[in-house]
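The structure appears below as C-alpha cells.
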Amino acid sequence: MHRYRTHNCSELKKSDTGKKVKLSGWIHSVRDHGGIIFIDLRDHFGLTQVVIDPKREFYKALEHWRVETVVCFTGEVTERTPETINPKLETGEIELVAEEMEILGEAIVLPFQIAKEEHAPEATRLKYRFLDLRREKLHKNIILRSKVISFIRKRLSEIGFNEFQTPILTSSSPEGARDYLVPSRLHPGKFYALPQAPQQFKQLLMVAGFDRYFQIAPCFRDEDARADRSPGEFYQLDVEMSFVTQDDVFKIIEELMAELFKTFSDKKVDDAPFIRIPYRETMRRFGTDKPDLRNPLEMIDVTASFVNSGFNAFASVVKNGGVVRAIKVPGIAGQPRKFYDDMIAFAQSVGAKGMAYIIWTGGEEKSPIVKFMSRQEIDSLKEAGKIQDGDVMFFLADKEKKVMEIGGAVRTELAVRLNLIDKNVFKFCWITDFPMYELDEETGQTIFSHNPFSMPQGGMDDLLKKNPLDILAFQYDIVCNGVELSSGAIRNHRPDIMYKAFEIAGYAKETVDEKFGGMIRAFMLGAPPHGGIAPGIDRIVMLIADEPNLREVIAFPFNQQAQDLMMNAPAEATLKQLRELHIKIALPEKKEEKKAHEGQPPAAT
RNA sequence: GGGGGCGUAGCUCAAUUGGUUAGAGUGCCACCCUGUCACGGUGGAUGUUGCGGGUUCGAGUCCCGUCGCUCCCGCCA
C-alpha cells in the first residue's frame, strides 16, 4: 500500500465497497456524536466521509480533532445505507470506516474558516493566502486559470504559433508606464528595467523570421492599482505575427476568444467575427473606448435642435462651440420624480453643470425645459430619437469632449439603475482606427496617443501631408463587457516612417537611435510587415470566473499598495546588499519633520 | 498626489442616534450525545471599540490628527 494514499478524496464509488484503502487530506469538518464521529476529509479532488469509532486507539492520539489538520486514514470502503446517502457528495454513496490514523500535519486555531462561507478581511486573506486558496471558490478560480492558459497554449501551438521566453532583466523604455528598476552590481550606477511588455523582443522575433510568436508573458508596470488592474505585475497573452494585415490578427484572436469563453463559461458568447467600431464612433455613441455592449443605451447628437432654442442654458453652450447629446431610454416614463433628481445629481457628480430630460407620456411632453422650446424643436428631438410614448430622453450640453465623458458615465449609471445589463452574456467588440497622435493638454505638444510602434494608416504619405491629429493608426483594442482585454497594432517596420513618426511626436533622430537603436537596426536589415496583440490573461480569467476583482484569479496577488503581505515584500535590503550595488538610501522626509521645517530657512550645512 | 467608504471578540456583524457592566452568530475551551453531512445540546472564556489627542458630568457614538484596508480620480505607450 502506498505511503500516503491509494485513492484521492473524490474517486471512491459504490463499486469500491469492501476495498481496504488509504486516504490523505485535510479535516474539512468534524461531526462528533459521542459514540460515533464523522469527518469530511478533503483534498484537491473532493470530499470523502470517514467514520470513526471513538473506542479506536488512534482516536486518543489527536488531542483536538481540529479542522484543517492533515491526516491519513486507512480503512475499509463501506456502502452507505440508502437513508444515509449524501447526494451532494461525489463519494456520497460510500464512506471510509477508519481502522488506522496518522497525523501528517497538525493545524493550530485558524485565522478564518475554510469550510464555511465567511468573509474575512482582505489583509488577513492575503497574509494567509495559502489558507484562502484552500477555499472552494478561490481554488476553483486558480484551476480555471491554469486550464485557460493550457487551452490557449494548445490552440495556438496547433495553428503554427511558437512560444518563446524573452528577458525579464532588460532596459527601460522612454514611453509608457513607470518602470521597475533593478540595480546592476557589475555596472555601478546603472539599472535594468523589468519589461512593461515584451514589445520590442516580440517584434525582433518576427524580424528573426519566426513567423508566429506567443508567450504567456509577465509584464511589470509601477502604476497604481484598480479592481481590474493589478499593481506591479500581470500576465499577457502576447501574440505577434508576420506578413499579416489587421484582419488576419482579428481572425485569429476572435476565434480563439470565442472558443475559449464558450469552453469555460456557461454564458452566451458572441460568435466570431466580432463587431468593429471605429474609435471616433465609439466615443460619440458610448462616450468610452471600452463600451459595454450589454448596455443597450447610446448617445445621439441633437445639437441642431438647440441652436436657436429658447432654452438658453443649452443654446449658449452651442453658440460657444459646444454640443448637445441625448440618451434615449425606452419605456421608463413611469419612474418617480426622485429617479430623475438622482440621475441629475449623478451627472453633476461626474462633472455636468446640469442635465435636462423630457418624458413623453400620454401624448404630451413632461419636462422642465419644453416650455422654452418650440413645437418644431421638440418634434425634431422626437424624430431624432424615434421616440414612442413612454420613452424618456436625457440631455447634456458642454464641450464635445466633456459631454462624451459625462454622457458615457450617465449611460452606464442609467443601465445599472434600470437593470438593463444582461449578466448572462459576453459581448465582444473591436475598437479600431485609433488616432496616431493627440494633443498633450498641459504642454500643447503632439504626442503618441497609444503605441509609438504602430503603423500610421496612410504610411509616409499621411505623416507628410495630414494634420497629425487626423492621422489614424492600425491600432486596435478588443473589449469584452466593458473590459479592455487588450491593445494591439500592425507595427511600423519601416525605419524611414519610424523616424518621421517620432519626429512628429518631438523625438530627434538621435533620441530614436539611442532608445530604439536595436530595433531600428533590425528594421534596416530586412524586416517583415508584422503585427499583434496582447490580451490580459488575468482579465480574461476574471471575466470567465465572474469575479469583480483581479485578486480572485491570481494565486499570490499584491494588495493595493503593491505589497505581498505573506512574503513581506517589498522589504529593506541589508547594508551588505546595498554596498555591493553601490546604492545609498535617501528616504523622503517624514510629514512632521516637513511641517517643522516649514517657514524656516534651510539649516546651514 | 487627491477624493469617498470602512475599522467594535480569532472571524461576520449589532449596540434604540452621547447615558449604567459593549451584545449575537460563528470559531475557541469543557461536558453530553451511535447516522451526521453547515449535526445537535449544556456551560464557559475571549474586547486598549485601529492608534493619539480634544469636547463633555459622561464618548464605540461628536470633533481634530494619525495608521491600516478598500473603491475611485490622476497615472496605466
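Atoms considered below: every heavy atom in the structure, side chains included; atoms not considered: hydrogens, waters and symmetry mates. In what follows, chains are A, B, ... by sequence order, proteins preceding strands, each numbered from 1. No experiment lies behind these values; they were computed from the predicted model shown.
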Across the strands shown, which category fits [X] at heavy-atom distances under 4.0 angstrom: base, sugar-phosphate, nothing?
{"X": "Gln196(A)", "value": "nothing"}
{"X": "Asn559(A)", "value": "sugar-phosphate"}
{"X": "Ser29(A)", "value": "sugar-phosphate"}
{"X": "Pro121(A)", "value": "sugar-phosphate"}
{"X": "Gln563(A)", "value": "sugar-phosphate"}

Under 4.0 Å between a side-chain N or O of [X] and OP1 or OP2 of [N]?
{"X": "Gln560(A)", "N": "G68(B)", "value": "no"}
{"X": "Arg31(A)", "N": "U36(B)", "value": "no"}
{"X": "Lys88(A)", "N": "A38(B)", "value": "yes"}
{"X": "Arg226(A)", "N": "C73(B)", "value": "yes"}
{"X": "Arg66(A)", "N": "C29(B)", "value": "yes"}
{"X": "Arg551(A)", "N": "C71(B)", "value": "yes"}

[atom1] of [X] versus [atom2] of [N]: gap in Å, rounded?
{"X": "Asp179(A)", "N": "C75(B)", "atom1": "CG", "atom2": "P", "answer": "18 Å"}
{"X": "Leu485(A)", "N": "C76(B)", "atom1": "CG", "atom2": "C1'", "answer": "16 Å"}
{"X": "Ile114(A)", "N": "C28(B)", "atom1": "CD1", "atom2": "P", "answer": "12 Å"}
{"X": "Leu110(A)", "N": "U12(B)", "atom1": "CG", "atom2": "P", "answer": "14 Å"}
{"X": "Phe220(A)", "N": "C76(B)", "atom1": "CZ", "atom2": "P", "answer": "19 Å"}
{"X": "Asp32(A)", "N": "A38(B)", "atom1": "CG", "atom2": "P", "answer": "17 Å"}
{"X": "Glu68(A)", "N": "G27(B)", "atom1": "CD", "atom2": "C1'", "answer": "13 Å"}
{"X": "Glu547(A)", "N": "C71(B)", "atom1": "CD", "atom2": "C1'", "answer": "17 Å"}

For the base of C11(B), is there a side-chain donor-acceptor partner from Arg125(A) under 3.5 Å away?
->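 For Arg125(A), whose side chain was compared with the base of C11(B), there is no donor-acceptor pair (under 3.5 Å).
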Between the side-chain atoms of Arg221(A) and the base atoms of C76(B), is any donor-acceptor pair under 3.5 Å?
->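 Absent.
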Has [X] got a side-chain atom pairing as donor or acceptor with [Y]'s backbone, closer than 3.5 angstrom?
{"X": "Glu223(A)", "Y": "Arg178(A)", "answer": "yes"}
{"X": "Tyr437(A)", "Y": "Ala501(A)", "answer": "yes"}
{"X": "Gln196(A)", "Y": "Ala177(A)", "answer": "yes"}
{"X": "Thr69(A)", "Y": "Ala107(A)", "answer": "yes"}
{"X": "Asp462(A)", "Y": "Lys466(A)", "answer": "no"}

Closest to side chain of Asn549(A), choosing from C76(B), C39(B), C71(B) =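 Among the listed nucleotides, the one closest to the side chain of Asn549(A) is C71(B).
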Taking the side chain of Gln561(A) as its heavy atoms from C-beta onward, which of U36(B), C33(B), C69(B) lies nearest to it?
->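 Among the listed nucleotides, the one closest to the side chain of Gln561(A) is C69(B).
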Of Ile85(A) and Glu122(A), whose nearest nucleotide on RNA chain B comes first from the 5' end?
->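 Nearest-nucleotide comparison on RNA chain B picks Ile85(A).
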Of Ile36(A) and Glu83(A), whose nearest nucleotide on RNA chain B comes first from the 5' end?
->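 Its nucleotide being nearer the 5' end, the pick is Ile36(A).
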Who pairs with [N] - Watson-Crick or G-U, where each distance is under 3.5 Å:
{"N": "C6(B)", "result": "G68(B)"}
{"N": "C31(B)", "result": "G41(B)"}
{"N": "G1(B)", "result": "C73(B)"}

Atom [atom1], compared across [N] and [M]: separation rounded to whole Å:
{"N": "U70(B)", "M": "G58(B)", "atom1": "C1'", "answer": "34 Å"}
{"N": "G44(B)", "M": "A9(B)", "atom1": "C1'", "answer": "15 Å"}
{"N": "G54(B)", "M": "A59(B)", "atom1": "C1'", "answer": "11 Å"}
{"N": "C73(B)", "M": "C37(B)", "atom1": "C1'", "answer": "49 Å"}
{"N": "G50(B)", "M": "C13(B)", "atom1": "P", "answer": "14 Å"}
{"N": "A38(B)", "M": "A14(B)", "atom1": "C1'", "answer": "23 Å"}
{"N": "C6(B)", "M": "G60(B)", "atom1": "C1'", "answer": "15 Å"}
{"N": "U21(B)", "M": "G27(B)", "atom1": "P", "answer": "31 Å"}

Taking the six-membered ring for Trp, does Phe38(A) stack with U36(B) (centroid gap under 5.5 Å, planes within less than 30°)?
->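 It does: the two rings, one from Phe38(A) and one from U36(B), meet the stacking criterion.
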Would you check if His33(A) stacks with the base of U36(B), given a 5.5 Å centroid limit and a 30° plane limit, both strict?
->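 It does not: the ring fails the test against the base of U36(B).
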Distance-only polar pair, side chains of Thr282(A) and Asp289(A), donor-acceptor under 3.5 Å |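 No, because no side-chain N or O of Thr282(A) sits under 3.5 Å from a partner of the opposite role on Asp289(A).
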Taking all non-hydrogen atoms of both residues into account, name the closest pair between Asp238(A) and Lys202(A) and its distance.
->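 Nearest pair, atom of Asp238(A) first, then Lys202(A): OD1-NZ, 2.7 Å.
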Within a strict 4.5 Å, meaning less than it, do heavy atoms of the Ile36(A) and Ile52(A) side chains meet?
->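 Of all side-chain heavy-atom pairs linking Ile52(A) with Ile36(A), none is under 4.5 Å.
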U17(B), syn or anti by chi within 90 degrees of zero =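 Here U17(B) takes the syn form, which means its glycosidic angle is within 90° of 0.
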